[in-house]
Amino acid sequence: MSIDTVVTRFAPSPSGEVHLGNARTALFNELLARRRGGRMVLRIEDTDAARTQEVFVSALIADLSWLGLRWAEGPDVGGPHAPYRQSQRGSIYQRYFEQLESRRLAYPCYCTSLELEISRRSQLAAGRPPRYAGTCRDLSPAARQAKVDRGVRPTLRFRVPSAQRIEFEDLVHGHQSFLSDDIGDFIIRREDGTAAFFYSNAIDDATMSITHVMRGEDHLTNTPRQRLLLGALGLSPPEYGHMSLLLGADGTPLSKRHGAVSVRELREAGYASAALCNHLFRLGHSTPNNAFLTLDDMAREFDLTHLQRSPAHFDPAQLRHWQSEWVRALSRDEARAWLAPMLPAGLAPEQLDAFIAAVLPNVVLAEDARLWQQIIFGEALAFEDAALAAARAAGPAFFSAAAGAVREHADLSALRSATGAKGAAFFMPLRAALTGRLHGPELAPLLAVMPGERVRARLLHFARAG
RNA sequence: GCUCCCUUCGUCUAGAGGCCUAGGACACGGCCCUCUCAAGGCUGGAACACGGGUUCGACUCCCGUAGGGAGCGCCA
């Protein structure tokens, strides 16, 4: 493993389901790693005990695996930088807290949440940026002792240096420049002793040898803080690429808080992970290739210069298109594996293949196939009003003639000559009587798979007029 | 309020000063195929937020305006 190896990471917090925005972030980190022959690290950011739920950790791993992502290091596979859960990295954080404190680069802050809230509001009301006022920045030993005596548990704040320019290159947005004077001293350790996000996130990236990180654009203005912190500790930050946010079709942020679209929901709706990845890959990233791509293809085509800087809207219609492409590209064996589980047990292989040949062109989601298997193999048949009317209109004679022509299997030409009907006058009553609806897959292959006795029974139903 | 980011068809996007009569994909319309739907083939409509510069020439560069978004949290 050379020193130049690209190491990316995906660092979700297990406080909810994996949403599309997270999934895309994970995918892009994976693609960047694959593209450069590197690896990805999975890290669980569970410092907020109140919001963390253990079920989300396993759900998250399941979702990412389902998407086809793979990480070389993580809580489930271990690795040289273990542990991979922030809740277990306290001693590492402690070491750097001590360093910062002893060098007076951080100081205890005794302000209460209430005091801070009041300060923030009054600053905002006065038309000023809501920044930490610096109340505890230079407390005298006596003043500090007084706070301690009152039993106030302090947080730890990072002392942001004044009059510094923080510059860096963003993988997506290019050169960035910020002024340290615009940044207030921020909390790096909470009252309960746990590490806060700015801190743990930056420390972990540095100590886990992460070299590149694709993350949401909401972190762009956090980056100077993290660089300052790492700089003070003599640690080197990874390169960050800030990706535009993913919005819903309605233009609202597709975040944990607002979005209802999770990987789990899409999977349960019957979408293939490859289809989802194809859509995600083109959200905020462009490729001249309009073909359905595998993850390896995507890795080859992944290009940081083709990352879009403006927000993208998740479009269910486009997801559906990729899903449709996925179905269209299914080999016979793959289609069999996909659809067999929803068909009646004990079906002959020829019947399974006949079913697939008949319905696959009309199938996008597994749900569609389920509907047709129900119509073809199910006992009861539900009729749409229009179909019922169309069947009745053909008259009992049509159906008794047709039913009489059904042998072991229903043969279209035998039925045609028996009824003497042709064209739509022949097909539509048949379609209506056999499927209960006016639209669907071609009738010939459909008839080939439907058991002969069922065909006869459904035809006879309309032969008894009245 | 301050700082930062963003703005090309309905949507995803191509475009790095002349290659742009702005290209592709999805969606939508039409035609063909056809028992219907789907699939497939052909085809059509559809965009540079606005205003100033710079330049022989601007979607591309600069400056403003408008609009959208993020951050400024003991949330990540």
Side-chain angles (χ1 to χ4, degrees), chain A residues 11-13 15 45-48 50-51 86 109 111-113 116-117 120 123-132 153-157 170 172-173 176-179 181-184 186-192 194 196-198 200-201 215-225 242 244-245 247 249 251 253 255-257 279 281-291 305-306 308-322 324 327-328 359-364 368 387 390 421-432 435 437-444:
Chain A
S13 66
S15 56
E45 306 222 328
D46 55 354
T47 58
D48 185 359
R51 301 206 317 163
Q86 291 190 327
C109 171
C111 299
T112 65
S113 303
L116 293 170
E117 181 58 29
R120 238 191 315 275
Q123 288 182 84
L124 235 22
R128 299 171 50 80
R131 283 201 279 275
Y132 179 59
R153 296 184 63 189
T155 59
L156 190 65
R157 270 185 200 273
D170 183 89
V172 178
H173 295 272
Q176 301 293 311
S177 172
F178 294 84
L179 253 20
D181 291 336
D182 289 328
I183 303 169
F186 54 92
I187 289 174
I188 56 178
R189 188 179 64 206
R190 304 187 186 103
E191 188 183 315
D192 66 4
T194 59
F197 167 78
F198 287 134
S200 56
N201 182 264
R215 42 153 42 163
E217 202 182 83
D218 46 337
H219 291 301
L220 184 55
T221 49
N222 291 160
T223 307
R225 275 169 251 271
H242 292 92
S244 60
L245 262 21
L247 306 177
S255 75
K256 279 183 272 210
R257 299 185 283 281
H279 185 220
F281 181 57
R282 291 164 172 92
L283 246 25
H285 178 269
S286 65
T287 169
N289 197 335
N290 286 323
T305 68
H306 279 95
Q308 189 76 2
R309 289 175 298 275
S310 50
H313 296 71
F314 174 73
D315 183 359
Q318 280 171 57
L319 204 215
R320 197 179 161 80
H321 166 255
W322 292 115
S324 176
V327 174
R328 256 13 102 212
V359 308
L360 208 57
N362 287 61
V363 167
V364 175
D368 305 326
K422 60 180 182 179
F426 171 68
F427 283 101
M428 292 317 280
L430 272 186
R431 174 179 293 285
T435 70
R437 42 185 63 215
L438 258 19
H439 303 310
E442 277 185 60
L443 212 46

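First the proteins, then the strands, lettered A, B, ... as listed; each starts at 1.
- Spacing of P atoms, B:U34 relative to B:C26, comes out at 25 Å, to the nearest Å.
- In this entry B:G64 has B:C50 as its Watson-Crick or G-U wobble partner, both defining distances falling under 3.5 Å.
- B:A22 is unpaired under the criterion used here, namely a Watson-Crick or G-U wobble arrangement in which both key atom distances are under 3.5 Å.
- When the P atom of B:C2 is taken as reference, atom CZ of A:Arg128 falls 12 Å away, rounded to whole Å.
- Rounding to whole angstrom units, NE2 of residue A:His242 and P of B:C5 are separated by 12 Å.
- Here the P atom of nucleotide B:A76 and the CG atom of A:Asp218 are 13 Å apart, to the nearest Å.
- Distance noted for atom P between B:C59 and B:G18: 11 Å (whole Å).
- The aromatic rings of A:Phe314 and A:His279 sit tilted, their planes meeting at an angle between 30° and 60°.
- Minimum heavy-atom separation, A:Arg328 to A:Leu360: NH1-O, 3.0 Å.
- The residue A:Phe198 sits close to a base: some heavy atom pair falls under 4.0 Å.
- As judged by a 4.0 angstrom heavy-atom cut-off over every strand, A:Leu245 is placed among residues touching the sugar-phosphate backbone only.
- Among the heavy atoms of the strands lying under 4.0 Å from A:Arg225 are primed sugar atoms or P, OP1, OP2 only; no base atom is included.
- Between the side chains of A:Thr287 and A:Asn289, not a single donor N or O lies within less than 3.5 Å of an accepting N or O.
- In this structure, B:C42 and B:G30 make a Watson-Crick or G-U wobble pair, each of the two defining distances being under 3.5 angstrom.
- Nucleotides B:C9 and B:A27 place their C1' atoms 11 Å apart, quoted to the nearest Å.
- Relative to the side chain of A:Asp48, the nucleotides B:C5, B:A76, B:G73 differ in distance, and B:A76 lies closest.
- Between the P atom of B:G1 and the CG atom of A:Asp182 lies a distance of 16 Å, rounded to the nearest Å.
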I need a per-nucleotide contact map over nucleotides 22-39 of chain B, read 5' to 3'. Cutoff is protein heavy atoms under 4.0 Å; write B for the base, S for backbone only, - otherwise. --SSB--------BBBBS
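- Contacts of A:Thr155 with the nucleic acid, taken as non-hydrogen atoms under 4.0 Å apart, include base atoms.
- Scanning for salt bridge (charged side-chain N to carboxylate O under 4.0 Å, His left out) contacts around A:Glu442 gives an empty result, with sequence neighbours left out.
- The residue A:Ser310 sits close only to the backbone: its heavy atoms come under 4.0 Å of sugar-phosphate atoms, none of a base.
- Distance check: A:His173 NE2 to A:Ser244 OG gives 7.0 Å after rounding to the nearest 0.5 Å.
- Backbone-only engagement by A:Gln308 is indicated by non-hydrogen atom pairs under 4.0 Å involving sugar-phosphate atoms exclusively.
- Straight-line distance between the C1' atoms of B:C62 and B:C20: roughly 22 Å, to the nearest whole Å.
- Regarding contacts with the backbone of B:A76, a side-chain N or O of A:Arg190 is found under 4.0 angstrom from either OP1 or OP2.
- Considering only heavy atoms from C-beta on, A:His219 stays 4.5 Å or farther from A:Asn201 through its side chain.
- Pair check for B:C9 finds none; no Watson-Crick or G-U wobble contact set falls under 3.5 Å.
- Taking CD of A:Gln86 as the reference point, atom CG of A:Asp48 lies at 11.0 Å (rounded to 0.5 Å).
- With both pairing distances under 3.5 Å, B:G1 is matched to B:C72 as a Watson-Crick or G-U wobble pair.
- When the P atom is compared between B:A46 and B:A22, the two are found 11 Å apart, to the nearest whole Å.
- If you check every strand for non-hydrogen atoms under 4.0 Å, A:Gly284 touches sugar and phosphate atoms only.
- Between the P atom of B:C72 and the CZ atom of A:Arg120 lies a distance of 10 Å, rounded to the nearest Å.
- Atom P of nucleotide B:U7 and atom CG of A:Leu247 are separated by 13 Å, given to the nearest angstrom.
- By the salt bridge (charged side-chain N to carboxylate O under 4.0 Å, His left out) test, A:Arg189 pairs with A:Glu101, sequence neighbours left out.
- When heavy atoms are screened at a 4.0 angstrom cut-off, A:Arg189 is found touching no nucleic acid atom at all.
- When rounded to the nearest whole Å, the span between CZ of A:Arg309 and C1' of B:U60 equals 12 Å.
- Counting to the nearest Å, the C1' atom of B:C2 and the CG atom of A:Leu124 are 10 Å from each other.
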